[in-house]
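The figures here come from the full heavy-atom set of this structure, side chains too, leaving out hydrogens, waters and symmetry mates. Just so you know, these numbers come straight off a predicted model, no measurement behind them. A, B, ... follow the sequence lines: proteins, then strands. Residue 1 opens every chain.
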Protein chains: 2
Amino acid sequence: MDKKITIYDLAEALNVSPATVSRALNNHPSISFNTKKRIVSYAQSSGYRINKFAANLSKQKSNTIGVIVPKLNSPFMSDALSGIEKVANEHNYNLIISQSLESEQKEKLNAKTLYDSGVDALMVSLAYETTNYEHFEIFREQKIPLLFFDRVDYFPNCPTILIDNRQAGFDATEHLIQQGCKNILHVSGYLKRNAYNNRFNGFKDALYKHKLKFTPYNLYETDLDPKKVEFVMEHIKNSKEKFDGIFFANDAMAVACIQALLKEGVQIPKDIKIIGFNNNPVSEIIQPNLSTINYPGYELGVLAGQSIISHLKGNINIQSAESILLKHELIVRTSSISNK
Amino acid sequence: MDKKITIYDLAEALNVSPATVSRALNNHPSISFNTKKRIVSYAQSSGYRINKFAANLSKQKSNTIGVIVPKLNSPFMSDALSGIEKVANEHNYNLIISQSLESEQKEKLNAKTLYDSGVDALMVSLAYETTNYEHFEIFREQKIPLLFFDRVDYFPNCPTILIDNRQAGFDATEHLIQQGCKNILHVSGYLKRNAYNNRFNGFKDALYKHKLKFTPYNLYETDLDPKKVEFVMEHIKNSKEKFDGIFFANDAMAVACIQALLKEGVQIPKDIKIIGFNNNPVSEIIQPNLSTINYPGYELGVLAGQSIISHLKGNINIQSAESILLKHELIVRTSSISNK
DNA sequence: TATAGTTACGCAATCGGTTGCGTAATATGT
DNA sequence: ACATATTACGCAACCGATTGCGTAACTATA
């Protein structure tokens with residue numbers, strides 16, 4: 001069992017042609033039941049293993065899906081990847097995962113590598129930095145299905161999967177307003193990324209609807225790295241009119257800020273009401289428990305996986321770039337409620 | 001640019017042989033500098049892309065590393081994967097990641113698939129269930145480097161990368177003892193997995209050293225799913241001699257249990273001192289802050305990646321199955337200290 | 001200038017499946 | 001019994017790069 005066995009070996013041993021072996025193993029209709037049985041069982045007993053290199057070359061496909069994400073190790077993204085992997089695995093697709101680490105250049109390199117590796121499809125969540133998209137053109141030229149999730153941008157005929165960030169931002173903000181907040185700060189991620197931009201727009205929508213004024217002070221843009229919480233604190237303290245509510249674009253920063261605020265003696269939610277985004281596990285642990293928007297990472301991954309696989313299997317009209325908006329959910333916990 | 005360009009196209013256009021093109025593109029020494037320059041620059045301008053299917057077939061290698069983990073989406077594992085990916089990416093290796101979801105059967109299937117896909121190496125963190133290892137034999141037969149990390153088992157000539165769980169378990173337990181605990185409960189994961197078994201052994205070592213008695217009541221074995229915290233609580237309440245300290249084999253369960261205990265009016269650390277394991281981000285958020293053992297996932301991933309790539313590049317004697325033990329670190333926070 | 005040594009490249013086999021087309025053998029219809 | 005359809009399989013080209021071996025052209029040595 002040291003030497004690799006090929007279909008030629010099987011063919012010789014069974015006195016059939018390699019073509020017949022190949023067809024038998026692939027359950028091709030033009031091979032008789034008996035011959036198939038003979039071949040398949042002999043293949044098993046002899047320990048034959050297909051050589052995917054050869055199969056890929058001749059079929060020009062790899063049964064492999066490429067994924068590019070900013071970072072593997074965030075609760076949201078690892079949930080999403082887990083969902084994608086589960087679906088891919090069930091359909092016998094392999095997943096090649098790579099990280100852009102928020103760098104446009106690495107994203108481009110990864111895209112090239114995945115293209116060269118012959119992935120059958122590509123799923124992307126964009127890096128913070130990315131503003132130019134020509135590295136994806138080749139996929140379109142070669143008609144390789146391309147799908148964006150979570151961090152997306154407009155791309156003709158490309159399905160996107162994410163939640164309605166604008167509505168979610170609106171819901172979060174309106175919730176704070178309903179709890180009595182009048183001067184709300186929005187701590188946003190980079191606004192050029194759709195997710196954050198839309199949350200911000202939802203924020204403004206809610207202010208507008210409830211006739212609250214919006215000044216530049218009501219917005220603080222950051223990369224959402226919790227280590228930089230001090231800058232957020234500075235902004236909060238420097239504000240002329242004190243904020244009575246903060247809507248954070250993610251929970252990690254919200255939690256860091258809650259801890260900093262508590263240390264300063266600020267009472268939450270009495271002095272400032274706070275809501276986050278993502279329903280990160282820590283939101284249930286922090287005291288006070290953090291209100292947030294549930295962004296279902298795992299389900300998103302599953303849907304994204306299913307969507308791309310439908311495309312690959314041709315079940316779906318490839319033209320129809322359906323974009324899926326997942327339902328988000330406002331989760332009210334103690335950090336934002338007024339009667340306490 | 002619609003049709004794919006091959007080395008044959010380049011060869012024809014430049015009046016050289018395909019062999020020369022191939023060698024030029026691979027910077028083979030027997031091609032003159034000028035010819036190389038001609039070929040490389042023309043290849044670039046014409047938009048030539050290598051066909052890895054063909055290259056893989058002829059070289060019988062894929063520049064791809066397979067990874068099997070129990071679950072993608074735990075803080076520890078996604079950190080480790082992030083580290084692995086970073087290293088792999090830097091060395092131009094692709095990463096195919098698959099999840100066993102703690103099932104031995106899926107682990108076997110994934111191993112088969114990855115073998116068939118022609119990965120150049122395999123990195124594994126074992127599923128809870130796995131007791132039989134024959135699905136890895138084929139890798140050894142074919143001399144495909146195999147490495148285990150975190151959840152490992154003894155495998156001749158296979159490098160393993162993990163922390164010294166026994167010492168870590170000992171350190172955690174001794175810390176509780178030093179804080180005055182006399183009757184400590186150890187909430188363990190499945191003991192047939194080395195990581196948990198060794199933590200448990202370290203636990204017993206510490207009790208023995210400090211002449212504390214160990215009875216079956218001092219051990220509670222679980223799958224560490226925080227949803228099952230009630231069973232742990234039951235065990236705690238049913239114990240005849242009240243526990244004054246608990247050493248959890250992971251932070252997630254520790255946090256769940258702290259919340260349950262607090263709800264019951266138990267004071268931590270006054271009544272019960274608690275230490276976890278992993279240094280999960282939540283350990284810094286929970287009140288009281290959870291003492292724990294830092295298990296550096298990212299660094300582990302980086303080391304594991306470097307190790308397997310050294311093997312692949314032949315820098316290291318493949319025989320020498322070096323096993324790496326990472327340093328762990330006892331992190332003392334408020335959940336375990338006595339003067340409070 | 002004859003000989004040996006380099007340099008630079010081409011020939012052709014090889015990696016192992018896949019698949020369009022052709023055909024012998026058998027089945028079906030009248 | 002004869003024409004036609006169907007079944008079951010083989011032939012051989014093909015996918016696109018890699019590489020051992022051979023050799024023409026050129027350089028260095030005596």
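D:dA13 atom C1' lies 15 Å from atom CD of A:Gln60, rounded to whole Å. Taking atom NZ of residue B:Lys61 and atom C1' of nucleotide D:dA17, one finds them 14 Å apart after rounding to whole Å. At whole-Å resolution of the value, NZ in B:Lys4 and P in D:dG16 are 8 Å apart. Between the P atom of D:dA17 and the CZ atom of B:Arg49 lies a distance of 13 Å, rounded to the nearest Å. Computed from coordinates, the B:Asn56 CG to D:dC15 P distance equals 18 Å when rounded to whole Å. Look at CG on A:Leu25: it is 12 Å from C1' on C:dG16, rounded to the nearest Å. Distance NZ (A:Lys59) to P (C:dG17): 12 Å, rounded to an integer number of Å. Per the geometry, CG belonging to A:Asp116 stands 14 Å off C1' belonging to D:dG16, to the nearest Å.
At a threshold of 4.0 angstrom between heavy atoms, the contacts of B:Ile50 are confined to the sugar-phosphate backbone, with no base atom among them. As judged by a 4.0 angstrom heavy-atom cut-off over every strand, A:Phe53 is placed among residues making no nucleic acid contact. Nucleic acid contact for A:Thr6: sugar-phosphate only, since backbone atoms but no base atoms lie under 4.0 Å from a heavy atom of the residue.
When the side-chain nitrogen and oxygen atoms of B:Tyr48 are compared with OP1 and OP2 of D:dA17, one or more of them lie within a distance under 4.0 Å. Side-chain nitrogen and oxygen atoms of A:Asn26 include at least one within less than 4.0 Å of the OP1 or OP2 phosphate oxygen of C:dT18.
A salt bridge is defined here as a Lys NZ or Arg NE, NH1 or NH2 lying under 4.0 Å from an Asp or Glu carboxylate O, and B:Arg151 with B:Glu102 meets this definition. Contact check on B:Asp116 versus A:Arg49 returns a salt bridge, with a Lys/Arg side-chain nitrogen under 4.0 Å from an Asp/Glu carboxylate oxygen.
Between the side chain of B:Asn94 and the backbone N or O of B:Thr64 there is no donor-acceptor pair closer than 3.5 Å. Between the side chain of B:Glu104 and the backbone N or O of B:Asn132, at least one donor-acceptor pair lies under 3.5 Å. Although no hydrogens or angles enter the test, the distance criterion places a donor-acceptor pair under 3.5 Å between the side chain of A:Gln99 and the main chain of A:Leu72. Panel note: side chain A:Tyr48, backbone A:Thr6; no donor-acceptor pair is recorded below 3.5 Å.
Nearest nucleotide to the B:Leu57 side chain, out of C:dG17, C:dC15, D:dA17: C:dC15.
With ring centers used as reference points, B:Phe155 lies under 6.0 Å from B:Tyr133.
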Polar atom pairs between nucleotides 8-10 of chain C and protein, under 3.5 Å, N or O only, would you list them?
residue, atom, partner, partner atom, Å
C:dC9, OP1, B:Thr35, OG1, 2.4
C:dC9, OP2, B:Ser32, N, 2.7
C:dC9, OP2, B:Ser32, OG, 3.1
C:dC9, OP2, B:Thr35, OG1, 3.1
C:dG10, OP1, B:Ser17, N, 3.3
C:dG10, OP2, B:Ser17, N, 3.0
C:dG10, OP2, B:Ser17, OG, 2.9
C:dG10, OP2, B:Thr20, OG1, 2.0
C:dG10, O6, B:Arg23, NH1, 3.2
C:dG10, O6, B:Arg23, NH2, 3.4

Could you go through nucleotides 22-24 of chain D and list every protein N or O atom that sits under 3.5 Å from one of its N or O atoms, giving the distance for each pair?
none

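Within 6.0 Å of CD on A:Glu12 lie no more than 12 heavy atoms contributed by other residues, nucleotides or ligands.
Sorted by first and then second residue, the pairs that involve residues 68-100 of chain B and meet ring-ring contact (aromatic ring centres under 6.0 Å, His included), not counting sequence neighbours, are B:Phe76-B:Tyr295.
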